[in-house]
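Working notes, beginning with the structure itself.
Scope of the values below: all heavy atoms of this structure, side chains included, with no hydrogens, waters or symmetry mates.
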Amino acid sequence: MTFVGKKFPSLNVDAMNDMGDTFKLNVLEEAQNNNKKVLLFWYPKDFTFVCPTELHAFQEALAEFEKRNTIVIGASCDTPEVHFAWLNTSKDNGGIEGVTYPILADSNRNLAGTLGILDITNEKYNEETGVVTVEGDNVTYRATYLIDEEGTVFHEGVNHMPVGRNVAEFLRLIDAYAHVQKNGEVCPANWEEGKDAMNANREGVASYLASH
């Protein structure tokens, strides 16, 4: 199920910050109450391999997201305690020390299950024992959601476990959506800040294609 064009689910989820505080966080309310965009990115597991490179990459770009009125939130199905242990592990030991944005601890899978991003397949019910089994680790794929100030999802994407994300692409998408919001124009393929956009009509696309 896609959430693009729909409100992000309103669920309170445990979260952890770099100070060791556990608190409830509602992604939809973060957008609406703060009048900000939200980038929510999910990763499979703490203390793994591609994951810390992504968390550090988002941290390194945090000032760029803040310039764009955007809150960054990480998320996985690990517990708050595991998040805090990872936050206290140095970068040269594979940790995420220095990450300052909140990280959801969706250990009951309520939000991940609602979004449909869990790595589970082949669900089987054994009538004899009453046991349900699945294949997969029951952790999330590398899913990313961009949410506007009203709580509406304007981008979602899902990578398989081995493939890390390009943080710059999310900055570009935020720039493009902000341009649409401000100017009412649409953004063509490969659009970047400062490039021409176009009017959403036949004349607009004809004019754009004629000069590009």
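- Evaluation of the side chain to side chain contact (heavy atoms under 4.5 Å, CB included) rule for Ala112 yields Trp42, Cys77, Asp106, Ile117, Leu118, Thr140 as partners, not counting sequence neighbours.
- Here the side chain of Asp175 pairs no donor or acceptor atom with the backbone of Gly194 at under 3.5 angstrom.
- Under the 4.5 Å side-chain criterion, counting only non-hydrogen atoms from C-beta, Glu149 is in contact with Lys37.
- Ile174 has its side chain within reach of Leu146: a pair of non-hydrogen atoms, C-beta onward, lies under 4.5 Å apart.
- A distance of 11.0 Å separates CG of Asn166 from OG1 of Thr144, quoted to the nearest 0.5 Å.
- Checking Tyr101, Tyr145, Phe170 one by one against Phe41, the ring-ring contact (aromatic ring centres under 6.0 Å, His included) holds for a single residue, Tyr101.
- Linking ILVMFWY side-chain heavy atoms closer than 4.5 Å, directly or via other members, places Leu104 and Ile71 in a single hydrophobic cluster.
- Within a 6.0 Å radius of CD in Glu150, other residues, nucleotides and ligands contribute 12 heavy atoms or fewer.
- Nearest heavy atom pair, residue Ala176 against residue Cys187, reads O-SG, 3.6 Å.
- Taking every heavy atom of both residues into account, Val186 and Ala197 meet most closely at O-CB, 3.3 Å.
- Taken to the nearest 0.5 Å, the CD atom of Glu192 stands 7.5 Å off from the CG atom of Asn190.
- With sequence neighbours left out, Asn138 forms a side-chain hydrogen bond (donor to acceptor under 3.5 Å, both in side chains) with no residue at all.
- A side-chain hydrogen bond (donor to acceptor under 3.5 Å, both in side chains) with His83 is found for exactly one of Asp78, Asn88, Asp46, namely Asp46.
- Around the CG atom of Asn33, the shell of radius 6.0 Å holds more than 12 heavy atoms that belong to other residues, nucleotides or ligands.
- For Glu127, the side chain to side chain contact (heavy atoms under 4.5 Å, CB included) partners at least two apart in sequence or on another chain are Tyr125.
- Under the 4.5 Å side-chain heavy-atom criterion for Ile, Leu, Val, Met, Phe, Trp and Tyr, Val167 and Ile96 are members of the same hydrophobic cluster.
- Although no hydrogens or angles enter the test, the distance criterion places no donor-acceptor pair under 3.5 Å between the side chain of Glu185 and the main chain of Asn199.
- Summarising the geometry of Ser211 relative to Ser207, their closest heavy-atom pair is OG-O, 3.2 Å, with the distance given to 0.1 Å.
- Of all the heavy atoms in Ala31 and Asp148, the pair that sits closest is CB-O, 3.4 Å.
- Here Glu81 pairs with Thr79 under the side-chain hydrogen bond (donor to acceptor under 3.5 Å, both in side chains) rule; sequence neighbours left out.
- Applying the side-chain hydrogen bond (donor to acceptor under 3.5 Å, both in side chains) criterion to Asn201, with sequence neighbours excluded, gives no partner residue.
- No single ILVMFWY cluster, assembled from side-chain heavy atoms under 4.5 Å apart, contains both Met161 and Val163.
- Pairs engaging residues 171-212 under the ring-ring contact (aromatic ring centres under 6.0 Å, His included) rule: Phe154-Tyr177, His179-Trp191, Tyr208-His212 [sequence neighbours left out].
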- prompt: When you look at Ile73 and Val38, which way does the side chain to side chain contact (heavy atoms under 4.5 Å, CB included) test go after all the steps?
  reply: CA-CA 7 Å; Ile73 302 171; Val38 173; 3.9 Å; yes
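- Within a 6.0 Å radius of CZ in Phe49, other residues, nucleotides and ligands contribute 12 heavy atoms or fewer.
- The shortest heavy-atom contact between Leu40 and Gly74 is CD1-O, 4.2 Å.
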Audit row: Tyr43, Thr48, side chain to side chain contact (heavy atoms under 4.5 Å, CB included) steps and yes/no: CA-CA 10 Å; Tyr43 61 92; Thr48 53; 5.7 Å; no
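- Pairs engaging residues 200-209 under the salt bridge (Lys or Arg N to Asp or Glu O under 4.0 Å) rule: none recorded [sequence neighbours left out].
- Between Asp18 and Val99, the shortest heavy-atom contact is CB-O, 3.3 Å.
- Put simply, the side chain of Asp119 does not reach to within 4.5 Å of the side chain of Pro44, judged on heavy atoms.
- Listed by chain and residue number, Trp86 satisfy the ring-ring contact (aromatic ring centres under 6.0 Å, His included) test with Phe47 (two or more places apart in sequence, or in another chain).
- Under the rule for a side-chain hydrogen bond (donor to acceptor under 3.5 Å, both in side chains), Arg109 has no partner lying at least two apart in sequence or in another chain.
- With sequence neighbours left out, the salt bridge (charged side-chain N to carboxylate O under 4.0 Å, His left out) criterion links Lys36 to no other residue.
- Hydrophobic clustering, with ILVMFWY side chains joined whenever heavy atoms are under 4.5 angstrom apart, keeps Leu28 apart from Leu39.
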Would you list the atom pairs, donor with acceptor, under 3.5 Å between side chains in residues 2-17 and any protein atom, with sequence neighbours excluded?
from	atom 1	to	atom 2	distance (Å)
Thr2	OG1	Val4	N	3.3
Thr2	OG1	Glu156	OE2	2.2
Lys6	NZ	Thr2	O	3.0
Lys7	NZ	Thr152	OG1	3.3
Ser10	OG	Asn26	ND2	3.2
Asn12	OD1	Asn26	ND2	3.3
Asp14	OD1	Lys24	NZ	2.9
Asn17	OD1	Met19	N	3.0
Asn17	OD1	Gly20	N	3.2
Asn17	OD1	Asp21	N	3.0
Asn17	ND2	Asp21	OD2	3.3

Tell me which donor-acceptor pairs under 3.5 Å the side chains of residues 53-67 have, and how far apart each pair is, sequence neighbours excluded?
from	atom 1	to	atom 2	distance (Å)
Thr53	OG1	Val50	O	2.5
Glu54	OE1	Arg142	NH1	2.8
Glu54	OE1	Arg165	NH2	2.8
Glu54	OE2	Arg165	N	2.7
Glu54	OE2	Arg165	NE	2.9
His56	NE2	Gly95	O	2.8
Gln59	OE1	Thr100	N	2.8
Gln59	OE1	Thr100	OG1	3.3
Gln59	NE2	Thr100	OG1	3.1
Glu64	OE1	Arg68	NH1	2.9
Glu64	OE2	Lys67	NZ	3.0

